[in-house]
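Structure first, commentary second.
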Amino acid sequence: MTEVQLQEFKLDPDSELRFEVESKNEKVVLEIKSGYAELFGTELVKGNQYEFHTGAKVAVFTWHGCTVELRGRTEVSYVAKETPMVVYLNVHAALEQQRVSAEQESTRGPVTMVVGPGDVGKSTLTRILLNYAVRMGRRPIYVDLDVGQGHISVPGTIGEIHA
Ligand SMILES: Nc1ncnc2c1ncn2[C@@H]1O[C@H](COP(=O)(O)OP(=O)(O)O)[C@@H](O)[C@H]1O
Ligand SMILES: [Mg+2]
């Protein structure tokens, strides 16, 4: 019997834990032991167990610092100080300002299109911006225009979700 790999990481404020699950039929369980952390804009609940399977590429970010435990085999796992999260937060802040002006002027809120090559993080950025908007009580609409790799329906279609 092989032992389950257990790793614990202490993250400073403004840093992220990145890990990848590559082994076949592997399951990695993540738990926040202390502090606060988020996964692509979704706040993680301390003590809950989050499962990731083969193929997962994950970044757990913390604004305030935290301790994270990983149970299971990861091919890559490291803490990164350089993260794009501050840039993402600035985009969110700019959009929020436009929403506030739109409310004041009774006009339409901002419409943002995210473009770029495949696998660079477009869907992930969109998810972060949607999560931040929802966490502030906004009701963003997500339109998935990627006909090659849609997140809503089958390839070849476009779709939208009203948060
Ligand atoms: N900031 C990030 N840090 C670590 N991994 C990321 C980050 N952004 C995206 N990823 C990972 O990279 C992969 C591709 O991201 P995705 O958003 O699906 O790209 P795209 O929509 O541009 O094709 C996914 O596995 C995702 O989890
Ligand atoms: Mg995508």
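Order of listing sets the numbers, starting from 1, for every ligand and every atom in it. A quick note: this is a predicted structure, and the numbers were derived from the prediction, not measured.
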Do Y88 and Y132 have ring centroids that are under 6.0 Å from one another?
no
Step by step, work out the side chain to side chain contact (heavy atoms under 4.5 Å, CB included) result for L44 and L30.
CA-CA 10 Å; L44 297 173; L30 176 149; 4.1 Å; yes
Between F19 and L70, does a side chain to side chain contact (heavy atoms under 4.5 Å, CB included) hold up when you go through it step by step?
CA-CA 9 Å; F19 65 91; L70 290 185; 3.7 Å; yes
If you leave out waters, which protein N, O or S atoms are less than 2.8 Å from the Mg ion (ligand 2)?
S123 OG
In one Ile/Leu/Val/Met/Phe/Trp/Tyr side-chain cluster, 4.5 Å: L130, I152:
yes
Test applied, side chain to side chain contact (heavy atoms under 4.5 Å, CB included); reference residue, D14; option that passes from E82, M85, H64, K81:
K81
Taking side-chain hydrogen bond (donor to acceptor under 3.5 Å, both in side chains) as the definition, give me every residue that meets it alongside E16, ordered by chain and number, with sequence neighbours left out.
R18
Does S23 form a side chain to side chain donor-acceptor pair (under 3.5 Å) with E75? I'd like the steps, not just the answer.
CA-CA 8 Å; S23 318; E75 264 57 39; 3.1 Å; yes
Heavy atoms of other groups near E69 CD, more than 12 under 6.0 Å:
yes
For E96, side-chain hydrogen bond (donor to acceptor under 3.5 Å, both in side chains) partners two or more places apart
R99, R138
At less than 3.5 Å, what protein N or O atoms come close to the N or O atoms of ligand 1? Include the distances to 0.1 Å.
residue	atom	partner	partner atom	Å
ligand 1	17 (O)	S123	N	3.3
ligand 1	17 (O)	T124	N	2.8
ligand 1	17 (O)	T124	OG1	2.5
ligand 1	19 (O)	G121	N	3.0
ligand 1	21 (O)	S123	N	2.9
ligand 1	21 (O)	S123	OG	2.8
ligand 1	22 (O)	V120	N	3.2
ligand 1	22 (O)	G121	N	3.0
ligand 1	22 (O)	K122	N	2.8
ligand 1	22 (O)	K122	NZ	2.8
ligand 1	23 (O)	D119	N	2.8
ligand 1	27 (O)	K57	O	2.7

